[in-house]
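Below you will find the structure I want to go over with you.
By convention in this document, chain letters (A, B, ...) are assigned in the order of the sequence lines, proteins followed by strands, and residues within each chain are numbered from 1. As the structure is a prediction and not an experimental result, all values here were calculated from the model. Keep in mind that the numbers below use all heavy atoms, side chains included, and drop hydrogens, waters and symmetry copies.
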Protein chains: 2
Amino acid sequence: MSEAKRESMQKYSSSKENYLKAIFHLQKSDGVVTTNDVANELQTRPASVTDMLKKLKAQKLLIYERYKGFKLSQEGRKVALQIIRKHRLWEYFLVEKLQFGWDEVHEIAEELEHISSRKLIDRLDEFLDYPKTDPHGDPIPDSQGRFTLIKQVDLLHLPPNKTGEVSGIGDQSPEMLELLKHKQIGLGTRIEVKKIFAFDHSLELKVRNQSIVTVSEHVAKNVFVKYDE
Amino acid sequence: MSEAKRESMQKYSSSKENYLKAIFHLQKSDGVVTTNDVANELQTRPASVTDMLKKLKAQKLLIYERYKGFKLSQEGRKVALQIIRKHRLWEYFLVEKLQFGWDEVHEIAEELEHISSRKLIDRLDEFLDYPKTDPHGDPIPDSQGRFTLIKQVDLLHLPPNKTGEVSGIGDQSPEMLELLKHKQIGLGTRIEVKKIFAFDHSLELKVRNQSIVTVSEHVAKNVFVKYDE
DNA sequence: AATTAAATTTAGACAAATCTAAAAAATAAA
DNA sequence: TTTATTTTTTAGATTTGTCTAAATTTAATT
């Protein structure tokens, strides 16, 4: 086994893995990730994030310069993808084999994703017949960390509890853009649909994993998101 | 849900759970468990064990007085049994569903046994069709922590890699008892058969999980063990 | 450009689980 | 029953991950 291979097999603490995962997700949506974002995502304090950034840097899992921002290294991305792979495979297992509802598996998968055995997860993948997406529609990375599938839909068709990344705008009129700008929605913004009102088909969205905003059906039809990571 | 029920659902650290499990196992074999035994079992230091004993006592998981010994409380036993249940169900899953060999599942199960969801393990039990024993022949406690199966056999018929607890002696002559006493074998002693020599059917035993001793076929035929925990 | 506000980092502390080295208690041996 | 040995416990440190409060840097406003 090569040295690089052995490296990727190293075991990190659950806490470190959670940071890597969170940064990976935030990076995908925002491009730029901030200390506050991470603190918010992980329900922790900015000071704790700074502490951890230093540790992750020391292990070459991310690139970091104080006050200047940070991003995952090649290695950090690889580790994050393996955690995501495990999380989603376990979710699939819970729903397909143990009859759990898709809305009750996340918490359990948060624990299972930290089980370290590589062989276990590859065997599980095989047992489940190599599923491409988890029960929420999120794609499952293969054993090399690659996604096989990317879906693009408008906001109305974004599955519940799925987070999409804005990939295109239909109506690009200044009025539309002004509205989107005001609501802090732009290319790459992460959006989750929280509710669709039967009355007028207006949508309640969670934007950047933080603010809750409401948009009309018309707006929703003109915002396209891709969900894949 | 009753108060007592909620109590048993509480989550303990993996470390605490490991201590409870180790003490449970040692208690079953020796009756009396010592600080050194635990340190030995968990590959740790006696001082660390003492520290943990105090914490476990504070949480009413064991009865403990300094220098005077300790044993699991009712609650501690209950928690230990749930860990053992989880460990063995996961081992069964790994062998029966994921095609692992019985000799490679222990390590993985050591991690999986700390996943906390009660619902998960009960669903897994159902999925596996309520197996009675794990791949090593050890019985799996049911959701109430009860074993459904107790087998009593003489040492010659104790399955390999199974640990039995001495439950009776056939030939109780003074000579026999003297021999057993010398080899530190008595009621309740935990024994595992390591090897049976084809030549004279003599047995090599691991006694109290520590010493290796040899006994004749005649002796083995007169020592009965139950294996169930 | 100067000032204010926000984000980030440092400094110092704490809880959990461990360790080493030394002290205290219990047990075994002379 | 003293003495010696072993076991157990205490005292004090260390590591990991977290926190609060204060300081520093960057960004935003006037």
Problem set entry | Nearest-neighbour nucleotide for the Ala47(B) side chain, dG17(D), dT18(C), dT9(D) considered |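 Among the listed nucleotides, the one closest to the side chain of Ala47(B) is dT9(D).
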For this session: For Thr50(B), answer base if it contacts any base atom (sugar-phosphate contacts may also be present), sugar-phosphate if it contacts only those atoms, and nothing otherwise; contact means non-hydrogen atoms under 4.0 Å.
Result: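 Since a base atom lies under 4.0 Å of Thr50(B), the category is base.
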For this session: Answer with base, sugar-phosphate or nothing: what part of the nucleic acid does Phe70(A) contact at a heavy-atom distance below 4.0 Å?
Result: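 Nothing, no heavy atom under 4.0 Å.
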For this session: Please determine, for the side chain of Pro46(B), which listed nucleotide (dT18(D), dT8(D), dT9(C)) has the closest atom?
Result: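 The closest nucleotide is dT8(D).
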Exercise. Contact class for Ser48(A) vs. all strands (heavy atom < 4.0 Å): base, sugar-phosphate, or nothing?
Worked result: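 Base: the residue Ser48(A), judged by heavy atoms under 4.0 Å, touches a nucleobase.
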Exercise. Would you say a side-chain N or O of Thr35(A) is under 4.0 Å from OP1 or OP2 of dT9(C)?
Worked result: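 Yes, because at least one side-chain N or O of Thr35(A) sits under 4.0 Å from OP1 or OP2 of dT9(C).
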For this session: Round to a whole Å and report the spacing from CD of Gln59(A) to C1' of dT15(D).
Result: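 Atom-to-atom, Gln59(A) to dT15(D), this comes out as 13 Å.
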Exercise. Under 4.0 Å between a side-chain N/O of Lys54(B) and OP1 or OP2 of dT9(D), yes or no?
Worked result: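 It does not, given that no N or O in the side chain of Lys54(B) lies less than 4.0 Å from OP1 or OP2 of dT9(D).
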Exercise. Between Lys86(A) and Glu91(A), is there a salt bridge with N-O shorter than 4.0 Å?
Worked result: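 Between Lys86(A) and Glu91(A) there is no salt bridge, as every charged N stays at least 4.0 Å from the carboxylate O atoms.
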Exercise. Whole-Å distance between dA7(C) C1' and Tyr64(A) OH?
Worked result: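 Result: 12 Å.
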For this session: Go through dT9(D), dG17(D), dC19(C) for me and flag the one nearest to the Arg45(B) side chain.
Result: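 The closest nucleotide is dC19(C).
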Exercise. Over how many whole Å does the gap from Leu56(A) atom CG to dT9(C) atom P extend?
Worked result: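 After rounding, the gap between these two atoms is 13 Å.
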Problem set entry | Distance in angstrom units between Asp51(A) CG and dA15(C) C1', rounded |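 It works out to 15 Å between those atoms.
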Problem set entry | Arg88(B) with Glu113(B): basic N within carboxylate O range, under 4.0 Å |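 A salt bridge is absent here (no side-chain N lies under 4.0 Å from a carboxylate O).
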For this session: Quickly work out the Leu42(A) CG to dC19(D) P distance and round it to whole Å.
Result: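 Value for this atom pair: 10 Å.
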Exercise. Between Lys57(B) and Glu65(B), is there a salt bridge with N-O shorter than 4.0 Å?
Worked result: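 Salt bridge absent between Glu65(B) and Lys57(B).
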Problem set entry | Residue-phosphate contact under 4.0 Å: Ser15(B) side-chain N/O, dT18(C) OP1/OP2 |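 Ser15(B) to dT18(C) OP1/OP2: side-chain N or O found under 4.0 Å.
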Exercise. Counting side-chain heavy atoms from C-beta on, which of dG17(D), dT8(D), dT20(D) comes nearest to Met52(A)?
Worked result: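 Selected nucleotide (nearest to the side chain): dG17(D).
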Exercise. For Tyr67(A) and dA6(C), is the shortest distance between a side-chain N/O and OP1 or OP2 below 4.0 Å?
Worked result: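 So the side chain of Tyr67(A) is outside the cut-off, no N or O lying under 4.0 Å from OP1 or OP2 of dA6(C).
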For this session: Give a yes/no answer on whether the side chain of Lys68(A) brings an N or O atom under 4.0 Å of OP1 or OP2 in dT8(C).
Result: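 Answer no for this pair, as no side-chain N or O of Lys68(A) is under 4.0 Å from OP1 or OP2.
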For this session: Select from Arg66(A) and Glu65(B) the residue whose nearest nucleotide in DNA chain D is closer to the 5' end of that strand.
Result: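 Its nearest nucleotide being more 5', the pick is Glu65(B).
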For this session: Rounded off to whole Å, could you give me the CG-to-C1' distance for the Asn18(A) and dT16(D) pair?
Result: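 Atom CG in Asn18(A) sits about 14 Å away from atom C1' in dT16(D).
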For this session: May I have the distance from His114(B) (atom NE2) to dA17(C) (atom P), rounded to whole angstrom?
Result: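 Atom NE2 in His114(B) sits about 12 Å away from atom P in dA17(C).
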Exercise. Counting only side-chain N and O atoms of Asn36(B), is one of them less than 4.0 Å from OP1 or OP2 of dT8(D)?
Worked result: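 Answer is yes, contact under 4.0 Å.
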Problem set entry | For the student: nearest non-hydrogen atoms of Leu72(A) and Ala80(A), plus distance |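 Shortest heavy-atom separation between Leu72(A) and Ala80(A) comes out as CD1-CB, 4.3 Å.
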Exercise. Rounding to a whole Å, what distance do you find between Leu53(A):CG and dT18(D):C1'?
Worked result: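 For the pair Leu53(A) CG and dT18(D) C1', the rounded distance is 14 Å.
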For this session: Kindly say whether the aromatic ring centers of Phe93(B) and Phe93(A) come within a distance under 6.0 Å.
Result: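 Ring-ring flag for Phe93(B)/Phe93(A): true, centres closer than 6.0 Å.
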For this session: Could you please name the option among dT10(D), dT18(D), dA17(C) that lies closest to any side-chain atom of Lys55(A)?
Result: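 Nucleotide nearest to Lys55(A)'s side chain: dT18(D).
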Problem set entry | Phosphate contact (dG17(D) OP1 or OP2) by Thr44(A) side-chain N/O below 4.0 Å |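 No, because none of the side-chain N or O atoms of Thr44(A) sits under 4.0 Å from OP1 or OP2 of dG17(D).
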For this session: Flag the pair Asp125(A) and Arg85(A) as a salt bridge only when some basic side-chain nitrogen lies within less than 4.0 angstrom of an acidic carboxylate oxygen.
Result: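 Yes, this pair counts.
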For this session: Using a cut-off of strictly less than 4.0 Å, decide whether Tyr12(B) has a side-chain nitrogen or oxygen near OP1 or OP2 of dA16(C).
Result: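 Tyr12(B) to dA16(C) OP1/OP2: no side-chain N or O under 4.0 Å.
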